[in-house]
Amino acid sequence: MLQSHLQDTWVTPTATDGTAADVRDAVTGELVCRVSSEGLDLAGAFEHARRVGGPALRALTFHRRADLLDAVAAAVRARREELYALSARAGATLNDARYDVDGGIRVLRDYAARARAELPDAPYLVEGPAERLARGEDFLGVHLVTPSPGLMLQVNAFNFPVWAPLEKLAQAVLAGMPSVVKAATPTSYLTEHLVRIVTEAGVLPPGALQLVVGSVRPAIGLLGEQDVLSFTGSAATAETLRTHPNVVARSVRLNAEADSVNAIVLAPDVTPGSPLFDAFVREVVTEMTVKAGQKCTAIRRVLVPRAHESAALDAISAGLAGVSIGNPVAEGVTMGAVVSLAQRDDVRGAVRRIAESGRFVHGDPEKVRVVDADAERGAFLDTLLVSADPDAAAPHEVEPFGPAATVLAYRDTGHAADLLARGRGSLAASVVSDDLPWTVGFVGEAAAWHGRLHLLDSATMGRTTGHGSPLPALRHGGPGRAGGGSEMAGIRGVVDLMQRTAVQGSRRVLGSLGA
């Protein structure tokens with residue numbers, strides 16, 4: 001039975017094997033662990049965070065909090081090989097594991113550096129110059145940004161069991177807020193091992209980091225006005241949390257990052273066979289296969305001009321034909337399994353719905369040839385490319401959270417913009433074009449529907465960070481279906497977790513606060 005880390009102690013739930021959830025190896029189907037939160041003192045954990053962890057963090061300056069992030073990063077880096085090895089049980093190749101683990105380490109270090117460069121060596125921040133509020137020069141106003149005396153409850157998704165908790169922890173620690181991490185059940189053993197690494201290093205103050213393995217539904221009712229609920233997962237669950245009676249009654253701050261049907265748009269000026277067209281194809285294939293397509297930012301819709309539809313389908317199919325699927329530790333394998341058999345079945349059902357208005361161009365949802373594994377016992381899927389009616393509903397509404405994408409042929413620029421908007425909001429979209437006026441006009445149409453726009457042209461195609469890579473300096477989140485939340489965004493994301501208070505007073509008093 002997997003343990004939780006509460007009140008600075010590892011705790012075993014009271015559930016029996018029969019009532020706990022089984023977590024199985026994505027490659028072999030073997031039992032990895034059992035998960036339950038039955039019998040855990042969640043109320044005590046929340047109080048410990050507020051009474052012990054919070055005061056310890058708030059007593060530190062931003063720069064000292066940055067030191068904590070560097071210490072966590074060093075501790076994880078020293079033992080990252082252990083996390084790589086465990087990641088294979090979730091179907092991840094070594095490259096997938098590095099994307100998750102090393103990405104989390106980089107976010108910690110980035111935030112530590114930003115805090116020292118952009119924030120004062122003080123426990124709070126005074127924003128902007130003082131504003132004169134009356135005649136004379138001695139009654140002024142400033143905005144004071146201070147830590148909230150609450151906690152962050154992290155509810156994480158299964159696809160980034162290391163990066164996601166570390167990314168949220170980075171912002172929370174800098175904001176002076178302790179974290180209670182709820183691990184996603186299918187990859188809970190990875191997040192549990194991450195927390196063991198950090199706690200065994202002893203680099204954080206008591207109460208700054210706790211872990212709940214299993215359900216935290218009862219804990220939503222324990223959140224208060226100063227707490228933050230940071231959620232990553234499905235749009236349906238985000239809606240349930242947003243309307244939870246306690247969240248509504250106590251105005252609990254909810255930051256939601258939900259699923260989205262992200263897109264890439266090939267502009268009319270990009271001709272098949274050109275270097276930029278080839279870069280577009282590589283982007284699609286990469287997004288379909290990294291982490292077996294299990295990224296919240298992964299490309300699901302591929303919008304191409306009708307004149308280039310056949311060429312795009314052929315080129316993407318050719319790229320997918322070179323993908324080797326199987327045991328992620330086997331030599332030559334470039335894509336492993338999805339996280340579970342249940343996830344495999346969900347993807348199969350989703351692509352079937354989308355294909356009702358079109359056809360499968362590459363891959364078979366029911367069959368896949370795998371290397372060094374049993375295709376039936378493991379959660380393996382072929383790379384699935386669908387050509388569908390662009391005006392059908394399913395391609396814009398159904399997200400196959402796996403190695404699948406749908407090509408949609410648009411008639412003209414207005415049609416492309418309309419199709420993009422039919423996703424009802426997404427985390428990221430890419431636009432591929434060398435036509436500057438076209439790009440500028442299209443961005444004006446598309447920006448409101450997306451948390452991030454990745455603009456790819458001939459000048460950037462050799463050094464792009466890629467469509468699906470959230471970066472600490474930039475906002476990660478999206479409007480509408482994507483949840484309406486925002487993570488990272490540099491120091492802006494830290495300030496978002498704190499309380500901004502307008503303070504009025506004399507120059508002498510405000511000066512003593514650092515204004």
Side-chain angles (χ1 to χ4, degrees), residues 1-26 30-53 72 75-76 78-90 92 97 100-101 104 151-166 168-169 172-173 178-220 222 230 232-233 339-340:
M1 193 75 70
L2 211 58
Q3 291 184 307
S4 293
H5 187 70
L6 304 175
Q7 301 183 62
D8 302 309
T9 302
W10 287 99
V11 183
T12 303
T14 59
T16 63
D17 287 349
T19 60
D22 290 347
V23 177
R24 297 190 175 275
D25 189 303
E30 296 173 351
L31 183 68
V32 177
C33 61
R34 291 186 171 91
V35 168
S36 174
S37 60
E38 191 171 328
L40 299 182
D41 182 8
L42 299 182
F46 279 27
E47 281 305 298
H48 186 67
R50 296 186 187 108
R51 295 182 181 276
V52 177
V72 173
V76 177
R79 296 176 61 180
R80 60 182 174 175
E81 297 289 340
E82 300 169 26
L83 294 167
Y84 294 165
L86 274 179
S87 296
R89 307 205 72 176
D100 183 26
V101 178
L151 60 88
M152 174 187 282
L153 174 60
Q154 298 186 18
V155 180
N156 293 308
F158 67 77
N159 53 335
F160 284 97
V162 177
W163 180 87
L166 290 181
K168 293 175 182 178
L169 181 72
V173 166
S179 287
V180 178
V181 177
K182 191 280 184 198
T185 294
T187 50
S188 52
Y189 53 92
L190 267 160
T191 305
E192 188 259 9
H193 196 71
L194 168 68
V195 174
R196 283 193 185 274
I197 289 172
V198 176
T199 56
E200 288 172 7
V203 293
L204 289 176
L209 174 62
Q210 298 181 80
L211 170 71
V212 179
V213 174
S215 174
V216 291
R217 286 188 184 90
I220 307 302
L222 301 174
S230 185
T232 304
V339 75
S340 66

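Predicted, not measured: the structure shown is a model, and the values here were computed from it.
- Atom CG of residue L2 and atom OG1 of residue T12 lie 9.5 Å apart, to the nearest 0.5 angstrom.
- Between the S215 side chain and the R217 main chain, a donor and an acceptor come within less than 3.5 Å of each other.
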**OP:** Could you give me the CA-CA distance, side-chain angles and deciding distance for L83 and I197, then say whether side chain to side chain contact (heavy atoms under 4.5 Å, CB included) is met?
**Re:** CA-CA 10 Å; L83 294 167; I197 289 172; 4.0 Å; yes
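- For the pair T232 (side chain) and A157 (backbone), a donor-acceptor distance under 3.5 Å is absent.
- The two residues V23 and S188 have their closest heavy-atom pair at CG2-OG, 4.2 Å.
- Of the inter-residue distances, the one linking L151 atom CG with E47 atom CD reads 9.0 Å to the nearest 0.5 angstrom.
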**OP:** Any chance you could lay out the side chain to side chain contact (heavy atoms under 4.5 Å, CB included) test for V198 and L169, step after step, and finish with the verdict?
**Re:** CA-CA 12 Å; V198 176; L169 181 72; 5.6 Å; no
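- At least one donor-acceptor pair closer than 3.5 Å links the side chain of D100 to the backbone N or O of W163.
- Listed here is the closest heavy atom pair of R34 and D22: NE-OD1, 3.0 Å.
- Pairing each heavy atom of A97 with each of A92, the nearest pair is N-CB, 4.3 Å.
- With rounding to the nearest 0.5 angstrom, the CG atom of L86 is 11.0 Å from the OG1 atom of T187.
- Side-chain contact between W10 and V195: present, with at least one pair of heavy atoms (C-beta onward) separated by less than 4.5 Å.
- Test L209, V76, V72 against V203 for side chain to side chain contact (heavy atoms under 4.5 Å, CB included) and you get one pass: V72.
- At least one side-chain heavy atom of L153 sits less than 4.5 Å from a side-chain heavy atom of I220.
- Q154 and S230 form no side-chain donor-acceptor contact under 3.5 Å, judged by distance and modelled atom types alone.
- A donor-acceptor contact shorter than 3.5 Å is absent between the side chain of E192 and the backbone of S4.
- Shortest non-hydrogen contact noted between P161 and L194 is O-CD2, 4.2 Å.
- Take F158 and apply the ring pair (Phe, Tyr, Trp, His ring centres under 6.0 Å) test, not counting sequence neighbours, and it matches F401.
- The distance from the CG atom of D25 to the SG atom of C33 is 10.5 Å, given to the nearest 0.5 Å.
- Atom CD of residue Q210 and atom OG1 of residue T199 lie 11.5 Å apart, to the nearest 0.5 angstrom.
- Every residue two or more places apart in sequence or in another chain was checked for a ring pair (Phe, Tyr, Trp, His ring centres under 6.0 Å) with H48, and none qualifies.
- Nearest heavy atom pair, residue A26 against residue V339, reads CB-O, 3.4 Å.
- We find the OG1-NE2 distance between T191 and H5 to be 14.5 Å, quoted to the nearest 0.5 Å.
- Remark: side-chain polar atoms of T14 are paired, donor with acceptor, to backbone N or O of E38 under 3.5 angstrom.
- With hydrogens and angles ignored, the 3.5 Å screen pairs no side-chain donor or acceptor of Y84 with any backbone N or O of V101.
- Across G44 and Q7, no two heavy atoms sit closer than the pair C-NE2, 3.5 Å.
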